[in-house]
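A quick write-up on the structure given underneath.
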There are 2 protein chains.
Amino acid sequence: MARVRLADVAALAGVSMKTVSNVVRDYPHVTPEMRKRVQDAIDQLGYRPNLTARRLATGRTGMIALAVPEIDHPYFSELSRHVAEVALERGLRVILEQTLSTSEGEHAVLRDREAGLVDGVIFHPVSMTSLEISRFHRDTPLVLIGEAAVPLTTDHVMIDNVVAAAEATRHLLLLGRRELVFLGAVRGDVTVTTDRRLEGFQLALEEAGIRPGADRVLTADDFSPEAGAAAVHAALDAGDRIDGIVCRDDQFAVGALRALHERGVETPERIAIVGWDDTALSRYSFPQITSVSPDKRAIAEIALAMLVERIDGLAGPGRHRIAPHRLAVRDTAPREGISALQR
Amino acid sequence: MARVRLADVAALAGVSMKTVSNVVRDYPHVTPEMRKRVQDAIDQLGYRPNLTARRLATGRTGMIALAVPEIDHPYFSELSRHVAEVALERGLRVILEQTLSTSEGEHAVLRDREAGLVDGVIFHPVSMTSLEISRFHRDTPLVLIGEAAVPLTTDHVMIDNVVAAAEATRHLLLLGRRELVFLGAVRGDVTVTTDRRLEGFQLALEEAGIRPGADRVLTADDFSPEAGAAAVHAALDAGDRIDGIVCRDDQFAVGALRALHERGVETPERIAIVGWDDTALSRYSFPQITSVSPDKRAIAEIALAMLVERIDGLAGPGRHRIAPHRLAVRDTAPREGISALQR
DNA sequence: CATCGCATTTACAGCGCTGTAAGTTGTGGC
DNA sequence: GCCACAACTTACAGCGCTGTAAATGCGATG
């Protein structure tokens, strides 16, 4: 089946290819009757423009890549949805790239742009350093999200992790909790995300006159709920006094919840929990988990807006934007003060 | 930065463009020294082929679209991950399309949206009928997943929903449960997915000599856990005897679990639950939910394999493949018989 | 030593569309 | 009634790469 081409339409309508192109692209200076004549020919032939050819001619692909560690991680899948929707509004297509948090995967992402596959990239790096990114990046439109790498030369969006963590911690303090722990550090984790959140945790505690010791940070073997649960069990076994847990993400919150349930410790009565990311995990768990909620829509919108500006040729140093966040208050750390129980 | 082109490399290496092209594409009949000379020029210039131009010349885009209702639904995000990974193995890129289950979204996927953009589409329809799909599906290779629409003319993968539902039901019967209900039908839902699962549910019950009445099907207002929970509450309020619930998906299972917890009914001791899709929701809930587990990897592999064959020009009627499934046995319906309690 | 056959390399015409600059018309002013 | 000017439309050269067919080089053969 030979596809219908622009030239075929032009021949049928008895006009030049360029006029047909103008009609297709809604170029303003086309007389109504001409537009109708061409449109009729298009309809009659069922013509669809070949986007690949258009791209070669314009140099624009109309596509952006969204590169995340894992698409099926709830935070990233929810973010992807917003990016896809915002992109659609702007007439852009989204290519999905999974880096699996590997260095090779992340390098491959930046190379794609060089291949002219996409006009720009929204990238949530994990393992690449700022230096590596800025070296690769050069002048291809790129917007980073997350906290991992923040080269000064590159646009970047994130929420204020320190502030958000402090707010989450203060929320527990307001509930009367004093024996708080942070879950958790992860063995072998080199990213700064945990550091920022830990920083906010510490800040809020010190404000409240509490000087947290190293034993207030629970360490897990990996990022799974199981590892989180194990860390909580270990702390409880060691006799640590705990009445509130600030988790670095919802997976750990789920793990903490499970561990507490397994030991018959009520949540939030005995130990309150705050998660992070406000993903389906926290909304669908039982009890539902109070969670730091990054405004994913805003992140998507800001990232895309900056990316489009770069694609349109904006030069200059990297811009660093802070997206809003809030605390999604649910069962595991409700708003009304359920004060800590005496043991 | 003027991009380096094939011609630049050719000039530097002192060969023709085509030879450079052959090196880039790993064409076998190139002498080692020639390959080296060209490769050196490529490295020196930092040349990257322009994929758009390649596409225009070859007629292949090397991209496929994956069109699902919602990317952030756990089932689809997990499926997407597999599709992305399998596609990567085959050197294909994946474009993400969200239909949001709307008719317009679904039509757009098959129509001009993808004109010349992708080599093929993997599509999970919800609202389009078989007829509509077969009418639209013309020139772009297409593979359908899910149960919604199954035109005879189009390739298709799904799991055997009737068999899987019967197995899930039998699992509960083997646990000694007899008072089973199906959660649930959804008001206004026109898809056949629920029907197939309900069919398997009924089949297994009849095998066991139980003739299920209409009151054994709980109806929810929508697909949310909240609606599922409400349906369970309503049934319990109505005094229905229930010792096991087969859910049409994990969201309903989460809802059922929540409702039972709210009423202080133990799971699985008093009422056992089986979910469907084996998503993060069932793995991360507490207690963990036993769930029908479609082999998502297999679905991705089969769909992609069929799609690639179509892209390579295979003609002929639609092929219909059944992907494997299993029952992921977890806490809410364990393997060992915890027999139903007398009330 | 000239010739043949094979493997490798080259030249060049597109792939389908758009940007540019150069027409072609039609209108209004003087 | 003629000319300048605006408003449309056209012709054509690429965008960067690859497929095809033809040309080249080279060792082997008689």
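In what follows, every chain begins at residue 1, and chains take the letters A, B, ... in the order their sequences are listed.
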(request) For A/Arg35, enumerate each residue passing the salt bridge (charged side-chain N to carboxylate O under 4.0 Å, His left out) test, keeping only those at least two apart in sequence or located in another chain. (result) A/Asp26
(request) Quick one: list whatever passes salt bridge (charged side-chain N to carboxylate O under 4.0 Å, His left out) with A/Arg25, sequence neighbours left out. (result) none
(message) As a test of reading the structure: which of D/dT18, D/dG16, C/dC17 is closest to the side chain of B/Ala53, going by heavy atoms?
(response) D/dG16
(message) Among residues at least two apart in sequence or on other chains, which ones pass side chain to side chain donor-acceptor pair (under 3.5 Å) with B/Asp119?
(response) B/Thr61
(request) Specify the separation, in whole Å, of atom CG of A/Asn22 and atom P of C/dT20. (result) 13 Å
(request) Specify the separation, in whole Å, of atom CZ of B/Arg37 and atom P of C/dT8. (result) 15 Å
(message) Quick check on the helix from C/dC1-D/dG30 to C/dC30-D/dG1: what's the angle between its two end axes, five base pairs per end, to the nearest 10°?
(response) 50°
(request) Using the test side chain to side chain contact (heavy atoms under 4.5 Å, CB included), find all partners of B/Asp43 that sit at least two apart in sequence or belong to another chain. (result) B/Gln39
(message) Distance check needed: D/dC8 P versus A/Arg25 CZ, whole Å only.
(response) 18 Å
(message) Within the 4.0 Å heavy-atom criterion, would you say B/Arg55 contacts the bases, only the backbone, or no part of the nucleic acid?
(response) nothing
(request) For the side chain of B/Leu6, starting at C-beta, report the closest nucleotide among C/dC17, D/dC17, D/dG19. (result) D/dC17
(request) Could you tell me the separation between the CG atom of A/Leu117 and the P atom of D/dG16, rounded to a whole number of Å? (result) 16 Å
(request) For B/Asn50 and D/dG14, give me the distance from atom CG to atom C1', rounded to whole Å. (result) 14 Å
(request) State whether B/His29 places a side-chain N or O below 4.0 Å from either non-bridging phosphate oxygen (OP1 or OP2) of C/dA7. (result) no
(request) Would you please name every residue forming a side chain to side chain donor-acceptor pair (under 3.5 Å) with B/Asp40, sequence neighbours left out? (result) B/Lys36
(message) Checking B/Leu314 now: which residues fulfil side chain to side chain contact (heavy atoms under 4.5 Å, CB included) with it, not counting sequence neighbours?
(response) B/Glu309, B/Arg310, B/Arg319
Under-3.5 Å N/O pairs linking protein and nucleotides 24-26 of chain D:
none

(request) State the CD-CD distance between B/Glu78 and A/Glu70, to the nearest 0.5 angstrom. (result) 11.0 Å
(request) Under the side chain to side chain donor-acceptor pair (under 3.5 Å) rule, collect the residues that match up with A/Ser16, sequence neighbours excluded. (result) A/Thr19
(request) Using atom CZ of B/Arg35 as one end and atom P of C/dA7 as the other, report the distance to the nearest whole Å. (result) 16 Å
(message) Are the side chains of A/Ile95 and A/Leu66 in contact, using a 4.5 Å heavy-atom criterion?
(response) no
(message) Using OP1 and OP2 only, check whether a side-chain N or O of B/Arg54 sits under 4.0 Å from D/dG16.
(response) no
(message) Nearest whole Å is fine: how far is D/dG14 C1' from B/Arg5 CZ?
(response) 11 Å
(request) Would you kindly compare B/Tyr27 and B/Ala57 by the position of their nearest DNA chain C nucleotide and give the one closer to the 5′ end? (result) B/Tyr27
(request) Enumerate the residues from residues 12-20 of chain B whose closest heavy atom to DNA chain D is under 4.0 Å, giving them by residue number; use none for an empty result. (result) B/Met17, B/Lys18
(request) Quick one: list whatever passes salt bridge (charged side-chain N to carboxylate O under 4.0 Å, His left out) with B/Glu85, sequence neighbours left out. (result) B/Arg81, B/Arg297
(message) Could you tell me how far apart A/Arg60 (CZ) and C/dC17 (C1') are, to the nearest whole angstrom?
(response) 16 Å
(request) Output all residues satisfying side chain to side chain donor-acceptor pair (under 3.5 Å) with B/His73, sequence neighbours left out; order by chain, then residue number. (result) B/Gln251
(request) With the side chain of B/Leu56 defined as its heavy atoms from C-beta on, choose the nearest nucleotide among C/dT9, C/dG16, D/dC17. (result) C/dG16
(request) State, to 0.1 Å, how close A/Arg55 and A/Arg60 come at their nearest heavy-atom pair, and which atoms those are. (result) CG-O, 2.7 Å
(message) Closest approach to the side chain of A/Thr31, judged atom by atom: which nucleotide of D/dT9, D/dG16, C/dT8 is it?
(response) D/dT9
